[in-house]
Amino acid sequence: MKRRLLFLGPPGAGKGTQAQMLAAGRGLLHLSTGDLLRAEVAAGSELGKQAEAVMARGELVSDALVLAIVRSRLEGQPQGGGWLLDGFPRNLAQAEALAELLDDLGQPIELVVLMELDDGVLLQRLLSRGRADDNEAVIRHRLEVYREQTAPLISYYRERGLLEAVEADGTMETVAGRIAALLE
Ligand code: AP5
Ligand code: MG
């Protein structure tokens, strides 16, 4: 089974929901840069103070900052332990930095799962979730940022033969089944 995974997709596609289920079921380290940043904000750390306003606007926090977070956690993960990256990388610079880090660690990505869903459904899901950055204007801006900065990663990983797409509509269990089928 593939144990080094990356979840890619627009805000609201269900990356966090699916990543949490899969990581718990298979003993993988679940690394969500969004969750880690929100924890820093909640703790009132220096890092959290830098990130808070940027996140509230729906823009990307600096590459250096998220990279430091990811690096420290991946370096502590034993060979063969497996991990699932959710919400990282978010642009080509982060993808290149990740490739370099994973090369150093000798732990290459085995599969990138692209979760696809219509904008209308994304918007509805996020509006009913109601996180601090889930108001309509900010959600629309996050979708724009996704299209401009993150979507280029689709062809980046496709060219490297790593990408598989799944439809992210239907129940959580249905989507989980589609993802599980890609892992064996
Ligand atoms: P982040 O936390 O990554 O947010 P996001 O990408 O906008 O994605 P979401 O978490 O909103 O969506 P999701 O796909 O995880 O969906 P979820 O499972 O929650 O990032 C937040 C901010 O942090 C960024 O804007 C940026 O500022 C910063 N940041 C993070 N990473 C960064 C990075 N690498 N570089 C720079 N900045 C970074 O599901 C959504 C809702 O739908 C939930 O309520 C869920 O219950 C529901 N749902 C899920 N699945 C289903 C289903 N099948 N049917 C019905 N409802 C469902
Ligand atoms: Mg998420």
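Because only heavy atoms are used, hydrogens play no part in the values below, and waters and symmetry mates are left out as well, while side chains stay in. One-based numbering, in listed order, for ligands and for the atoms of each.
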Quick one: look up the protein heavy atom nearest [atom] and list residue, atom name and how far away it is.
atom: atom 18 (O) of ligand 1; answer: T17 OG1, 2.5 Å
atom: atom 43 (C) of ligand 1; answer: R129 CD, 3.8 Å
atom: atom 31 (N) of ligand 1; answer: T33 OG1, 2.7 Å
atom: atom 6 (O) of ligand 1; answer: R90 NH2, 3.0 Å
atom: atom 52 (C) of ligand 1; answer: R125 NH2, 3.2 Å
atom: atom 12 (O) of ligand 1; answer: G12 N, 2.8 Å
atom: atom 16 (O) of ligand 1; answer: G14 N, 3.2 Å
atom: atom 37 (N) of ligand 1; answer: V61 N, 3.0 Å

Ligand 1-proximal atoms of [X], by part, heavy-atom distance under 4.0 Å:
X: L37; answer: side chain
X: V66; answer: side chain
X: M55; answer: both
X: D134; answer: neither
X: M115; answer: neither

If the threshold is 4.0 Å, N to carboxylate O, is there a salt bridge linking [X] and [Y]?
X: R147; Y: D119; result: yes
X: E148; Y: R142; result: no
X: D134; Y: R125; result: no

Problem set entry | R140 vs E144, salt bridge (charged side-chain N to carboxylate O under 4.0 Å, His left out): CA-CA, chis, key distance, verdict | CA-CA 6 Å; R140 289 198 188 280; E144 263 171 50; over 6 Å; no

What do you reckon, does [X] put a non-hydrogen atom under 4.0 Å from ligand 1?
X: P10; result: yes
X: R38; result: yes
X: G9; result: no
X: R131; result: yes
X: G170; result: yes

For residues [X] and [Y], determine if any side-chain heavy atom of one lies less than 4.5 Å from a side-chain heavy atom of the other.
X: L74; Y: L31; answer: yes
X: I139; Y: L122; answer: no
X: W83; Y: V70; answer: no

For this session: Test side-chain contact (heavy atoms from CB on, under 4.5 Å) on L5 and V113 and set out the steps.
Result: CA-CA 7 Å; L5 314 171; V113 177; 5.7 Å; no

Problem set entry | For G16, the ligand 1 atoms whose distance to one of its heavy atoms is below 4.0 Å |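 Taking each heavy atom of G16 in turn, ligand 1 has 13 (P), 15 (O), 18 (O) under 4.0 Å.
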
Exercise. Should you measure from each heavy atom of T171, which atoms of ligand 1 turn up under 4.0 Å away?
Worked result: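 Matching atoms, with element in brackets: 53 (N).
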
Problem set entry | Whether over 12 other heavy atoms sit under 6.0 Å from Q79 CD |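 Correct, the count exceeds 12.
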
Exercise. Just how far is it from atom CZ of R178 to atom CD of E167, taken to the nearest 0.5 Å?
Worked result: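 Between R178 CZ and E167 CD, I get 5.5 Å after rounding to 0.5 Å.
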
Exercise. What distance do E100 atom CD and L67 atom CG have between them, rounded to the nearest 0.5 Å?
Worked result: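 Nearest 0.5 Å value for the CD-CG distance: 9.5 Å.
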
Exercise. Does the salt bridge (charged side-chain N to carboxylate O under 4.0 Å, His left out) test come out yes or no for R71 and D104, once each step is laid out?
Worked result: CA-CA 11 Å; R71 179 186 299 274; D104 286 349; 5.1 Å; no

For this session: Could you name the option among Q124, E59, M21 that has the heavy atom nearest to atom 25 (O) of ligand 1?
Result: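 That would be E59.
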
For this session: Determine, considering heavy atoms only, which of Q20, K15, M172, Q94 sits nearest to atom 35 (N) of ligand 1.
Result: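 It is Q94 that holds the nearest heavy atom.
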
For this session: For ligand 1, find out whether one of its N or O atoms is nearer than 3.5 Å to an N or O atom of G87.
Result: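 Indeed, backbone or side chain, G87 has an N or O that close.
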
Problem set entry | Any N/O pair D86/ligand 1 closer than 3.5 Å |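 Checking ligand 1 against D86, no N or O pair falls under 3.5 Å apart.
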
For this session: Under the side-chain contact (heavy atoms from CB on, under 4.5 Å) rule, what do L85 and L98 come out as? Steps first, then yes or no, please.
Result: CA-CA 11 Å; L85 300 182; L98 176 65; 3.7 Å; yes

For this session: Decide whether Q20 and H30 meet the rule of one side-chain donor and one side-chain acceptor closer than 3.5 Å.
Result: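 No, no side-chain donor-acceptor contact under 3.5 Å.
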
